[in-house]
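Accompanying notes for the structure given below.
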Amino acid sequence: MLTDTHVHLDFPDFAPDLDAVLARADAAGVKRIITIGTTIEGSRRALDLAERYPQVWATVGVHPGNATEAPDDVQTPLRELAKHPKVVALGECGLDYHRLPSKHMLGSKDAVLSEMPLNDPREPAAAIRDGAVKSTQAVIFEQQLDLAAELGLNVVVHERDAWADTLDLLAPYTGRLRAVFHCFGKSPAHAHEVLDRGHLVSFTGIVTFKNAGEVRDTVATIPAGKFMVETDCPFLAPVPFRGKRCEPAHVRTVAEEVARLRALPLEQIAAETDSTANGFFRFHSR
Ligand SMILES: [Zn+2]
Ligand SMILES: [Zn+2]
């Protein structure tokens with residue numbers, strides 16, 4: 001049996017054919033699915049799905065990409081939602097510096113800016129806006145870390161282009177909660193920084209991409225019990241579905257590639273990752 005530990009079933013992509021999507025997952029041996037909150041409203045929708053389908057569980061949280069539109073206080077609504085017995089973690093929460101205001105600007109004015117003889121080629125105003133977005137993301141992340149520690153829940157962490165700051169913000173919580181660095185795409189050395197602090201990683205369809213050499217090394221060498229598998233659907237469909245809508249059934253393809261890279265049978269990877277997911281998310285414990 002397989003657990004897809006990170007999906008976005010509440011996204012409109014799945015509205016037309018959700019029952020068929022879930023039937024295909026079941027047929028592929030995917031018996032448990034965790035649908036992930038990215039906004040307060042989305043967390044509510046995730047819980048509705050968990051109530052409707054016995055194999056679906058939910059997390060509640062605010063994604064860093066939605067931090068600037070989130071209420072100042074996300075703890076109050078998330079605390080209320082997290083009372084539900086099918087909530088298995090907080091998140092996804094974290095830091096994402098991939099689309100900061102200055103990067104949008106660089107995209108449009110690349111040529112002009114690259115000729116500016118400055119150490120920091122961004123306009124000061126954009127740098128200030130970047131700082132504001134980063135600090136809002138940090139505040140929303142910390143609110144969710146505090147709430148997770150208070151409620152005894154673990155957290156699903158989203159980190160993109162913000163490695164050092166994410167580890168710094170998590171540091172005070174070591175021992176009080178565990179995090180899974182989802183959609184992990186980094187080197188074995190980076191993975192060990194996460195594991196040494198008591199956290200886990202999880203792998204998506206990226207491990208099937210031919211240009212993903214670093215993370216494939218991580219998959220091959222990471223100790224058993226320290227990783228899970230996910231699709232992050234509707235994004236990141238594994239090869240040979242790359243570019244199409246991803247769905248939970250494809251976590252089998254992710255697990256097959258993990259098994260191949262570790263030279264182990266799929267059944268063993270399925271059993272190991274499922275038991276890791278059980279330990280981390282503690283289904284049925286509340
Ligand atoms: Zn994410
Ligand atoms: Zn996600």
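Both ligands and their constituent atoms are indexed starting at 1 by order of listing. Heavy-atom basis, side chains included; hydrogens, waters and symmetry copies ignored.
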For F280, does the six-membered ring have the charged nitrogen or CZ of R178 within the cation-pi criterion, i.e. under 6.0 angstrom from the centroid and within 45° of the normal?
no
Are F281 and W57 an aromatic pair, judged by ring center distance below 6.0 Å?
no
Taking only protein atoms, how many N, O or S atoms are found under 2.8 Å from the Zn ion (ligand 1)?
3
Please set out all donor-acceptor pairs under 3.5 angstrom arising from side-chain atoms of residues 164-173, sequence neighbours excluded.
| unit_1 | atom_1 | unit_2 | atom_2 | d |
| --- | --- | --- | --- | --- |
| D165 | OD2 | Y97 | OH | 2.7 |
| T166 | OG1 | A162 | O | 2.7 |
| Y173 | OH | D146 | OD1 | 2.6 |

Please name all residues satisfying salt bridge (Lys or Arg N to Asp or Glu O under 4.0 Å) with E51, sequence neighbours left out, ordered by chain then number.
none
Check whether the side chains of H190 and S187 place a donor and an acceptor atom closer than 3.5 Å, and report yes or no.
yes
For A58, check side-chain contact (heavy atoms from CB on, under 4.5 Å) against everything at least two apart and list the hits.
T35, A46, L47, A50
